[in-house]
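Because the structure is predicted, anything quoted here is derived from the model rather than measured.
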Amino acid sequence: MNRPLVLGTPEEFRADRLLDVLIPTRNRPAELAVTLSGLAAQDGVPGFGVVVSDQSDGEPAYAHPAAATMVRALRHRGHPVLLTRRLPRRGLAEHRAYLLAASAARYVLSLDDDIWLEPGAVHRLVTAIGELGCGFVGNGVHGLSYADDVRPDSHGHYEEWIGPPTPERIRPDTPEWNRARIHSAANLLHITQHLALPPGAWRAYKVSWIGGCVLYDRAKLVDAGGFDFWRRVQEKHQGEDVAAQLSVLARYGGAGILPSGAYHLESPTTVTDRDVEAWEVVLADEDSPQPA
């Protein structure tokens, strides 16, 4: 039998580290175990922290023996891990705001609970944001069940940054908004294969937003408002990551990074009530005429 799992405390966890990984989860013990296993195999960024915040209906996902073992493996390898519950649920944006507030690290990696990261992925992202100096970098996720589904029309939205990323004001119904199409299916996998990059090389490309695996400069994310807009959106929403990234893009710029080391587990979502796009609410507020 597993011995009781130590949860950790916010006071002990919060420290001036280079990186913390922030993972929201709900009703996904198997997927969480896989996500944590990917983190446990990372190298090149010693001592990064991990926060798991659970909103499961029953016992927390991290209590499952497989997930608990990966928590212990991370700690054994020198990574502080904080395990928390955030109930009652107040929506995706509030959950991400709570996770962000738990960290004092220079960078925070917002990682969904259904993503496996290949070895070296975290080091590549941290290297990229350090060299580019922008507000965020990210790995669009591969859906390997689409590996044989090549979509050349979507590949045309791939455009590399020449030099450091610059601020961009991205809005729907513009050509820039369609950049998100390259993150569907296995498009990034096919683009990467076509580029045939030498070992250790990476490229930064232009994005509108990235889902699942995004590394932020924490101070820049906070300066752009973070996820504090959660109070202005109803609980049943999606697109909170899009809203935050559009704000960061407008102030500090951002980029996707190839090759991507992020693989989507393609499990059914556990957030089924999604009546509102958070980014629509935020953009409507930002773009509305201001009183004189």
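Ring planes of F227 and F229: tilted class, angle from 30 to 60°.
Residues V50 and L111 are not in side-chain contact: their nearest non-hydrogen atoms beyond the backbone lie 4.5 Å or more apart. Within the 4.5 Å cutoff, the side chain of H183 has heavy atoms near those of the L188 side chain. Between E160 and L195 there is a side-chain heavy-atom pair separated by less than 4.5 Å. At least one side-chain heavy atom of V207 sits less than 4.5 Å from a side-chain heavy atom of F136. In this structure, H237 and L92 have side chains that are in contact, with non-hydrogen atoms separated by less than 4.5 Å. The shortest side-chain heavy-atom distance between L19 and V122 falls under the 4.5 Å cut-off. The shortest side-chain heavy-atom distance between P119 and D43 does not fall under the 4.5 Å cut-off. Contact check for Q42 versus F48: side-chain heavy atoms found under the 4.5 Å cut-off.
Taken from CE in M70 to NE2 in H64, the straight-line distance is 12.0 Å, to the nearest 0.5 Å. Separation of atoms CG (L82) and OG (S103) is listed at 10.5 Å; rounding is to 0.5 Å. The line from CZ of R231 to CZ of R90 is 10.0 Å long, rounded to the nearest 0.5 Å. For the atom pair CZ of F13 and CG of L83, the computed distance is 10.0 Å after rounding to the nearest 0.5 Å. Here the straight-line distance linking atom CZ of R96 with atom CG of L100 works out to 11.0 Å at 0.5 Å rounding. To the nearest 0.5 Å, the span separating CG on D20 from OH on Y107 amounts to 13.5 Å.
Taking each heavy atom of P46 and H79 in turn, the nearest pair found is C-CE1, 4.4 Å. Annotation for A67 and P29: closest pair CB-O, 4.2 Å, computed over non-hydrogen atoms. Nearest approach of A186 to G143, heavy atoms of both residues: CB-O, 3.7 Å. Contact detail for P172 and L283: the closest heavy-atom pair is CD-CD1, 3.8 Å. When all heavy atoms are compared, the tightest approach of I170 to R179 is CD1-NH1, 3.9 Å. When all heavy atoms are compared, the tightest approach of V214 to Q245 is CG2-NE2, 3.6 Å.
Under a 3.5 Å cut-off, the side chain of K220 and the backbone N or O of G253 do not form any donor-acceptor pair. Listed for the H190 side chain is no donor-acceptor partner under 3.5 Å among the backbone atoms of R151. One N or O on the side chain of N187 and one on the backbone of R181 form a donor-acceptor pair closer than 3.5 Å. A donor-acceptor contact shorter than 3.5 Å is absent between the side chain of E240 and the backbone of W230. With hydrogens and angles disregarded, a donor-acceptor distance shorter than 3.5 Å links the side chain of E266 to the backbone of S145. Although no hydrogens or angles enter the test, the distance criterion places a donor-acceptor pair under 3.5 Å between the side chain of R77 and the main chain of A40. In this structure, N139 contributes its side chain and G261 its backbone to a donor-acceptor pair below 3.5 Å. No donor-acceptor pair under 3.5 Å is formed between the side chain of E176 and the backbone N or O of S208. Judged by distance alone, with hydrogens and angles left aside, the side-chain atoms of R14 form a donor-acceptor pair with the main-chain N or O of A101 at under 3.5 Å.
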Using side-chain contact (heavy atoms from CB on, under 4.5 Å), reason through R203 and Y158 one step at a time and then give a plain yes or no.
CA-CA 11 Å; R203 297 289 185 271; Y158 176 77; 3.8 Å; yes

Would you check, one step at a time, whether the test side-chain contact (heavy atoms from CB on, under 4.5 Å) holds for R86 with E94?
CA-CA 10 Å; R86 186 62 171 173; E94 192 278 340; 2.6 Å; yes

Determine whether E31 and D112 satisfy the following criterion, side-chain contact (heavy atoms from CB on, under 4.5 Å), listing intermediate values before the conclusion.
CA-CA 10 Å; E31 291 86 348; D112 284 358; over 6 Å; no

Would you please test K206 and W161 for side-chain contact (heavy atoms from CB on, under 4.5 Å) and show each step?
CA-CA 6 Å; K206 298 181 179 182; W161 279 106; 3.4 Å; yes

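When the shell of 6.0 Å around OH of Y146 is examined, it contains 12 or fewer heavy atoms from other residues, nucleotides or ligands. A 6.0 Å sphere centred on CG of D148 holds no more than 12 heavy atoms belonging to other residues, nucleotides or ligands.
Under 4.0 Å is where a charged nitrogen must lie from a carboxylate oxygen, and between R218 and D16 no such pair does.
Taking hydrophobic clusters as Ile, Leu, Val, Met, Phe, Trp and Tyr residues chained together by side-chain heavy-atom distances below 4.5 Å, L246 shares a cluster with I182. Hydrophobic clustering (ILVMFWY, side-chain heavy atoms < 4.5 Å, transitive): W209 and W279 are in one cluster. Put simply, V81 and Y62 are part of the same group of oily side chains (I, L, V, M, F, W, Y) that touch within less than 4.5 Å, one to the next. By the criterion of side-chain heavy atoms lying less than 4.5 angstrom apart, applied directly or through intervening Ile, Leu, Val, Met, Phe, Trp or Tyr residues, V51 is not grouped with L117; the two fall into different hydrophobic clusters. Following chains of ILVMFWY side-chain contacts shorter than 4.5 Å, one cannot reach Y252 starting from I257, and the two form parts of different hydrophobic clusters.
Under the side-chain contact (heavy atoms from CB on, under 4.5 Å) test applied with V52, the options V71, L22, T25 reduce to a single match, T25. When each of D54, T35, D113 is tested with R28 by the rule side-chain hydrogen bond (donor to acceptor under 3.5 Å, both in side chains), just one qualifies, namely D113.
In this structure, L144 belongs to a hydrophobic cluster whose other members, linked by side-chain heavy atoms under 4.5 Å apart, are V34, W116, L189, Y263, L265.
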Without placing hydrogens or testing angles, list every side-chain donor-acceptor pair under 3.5 Å for residues 124-132, not counting sequence neighbours.
from, atom 1, to, atom 2, distance (Å)
R124, NE, P259, O, 3.1
R124, NH2, E118, OE2, 3.4
R124, NH2, P259, O, 3.4
T127, OG1, H123, O, 2.8

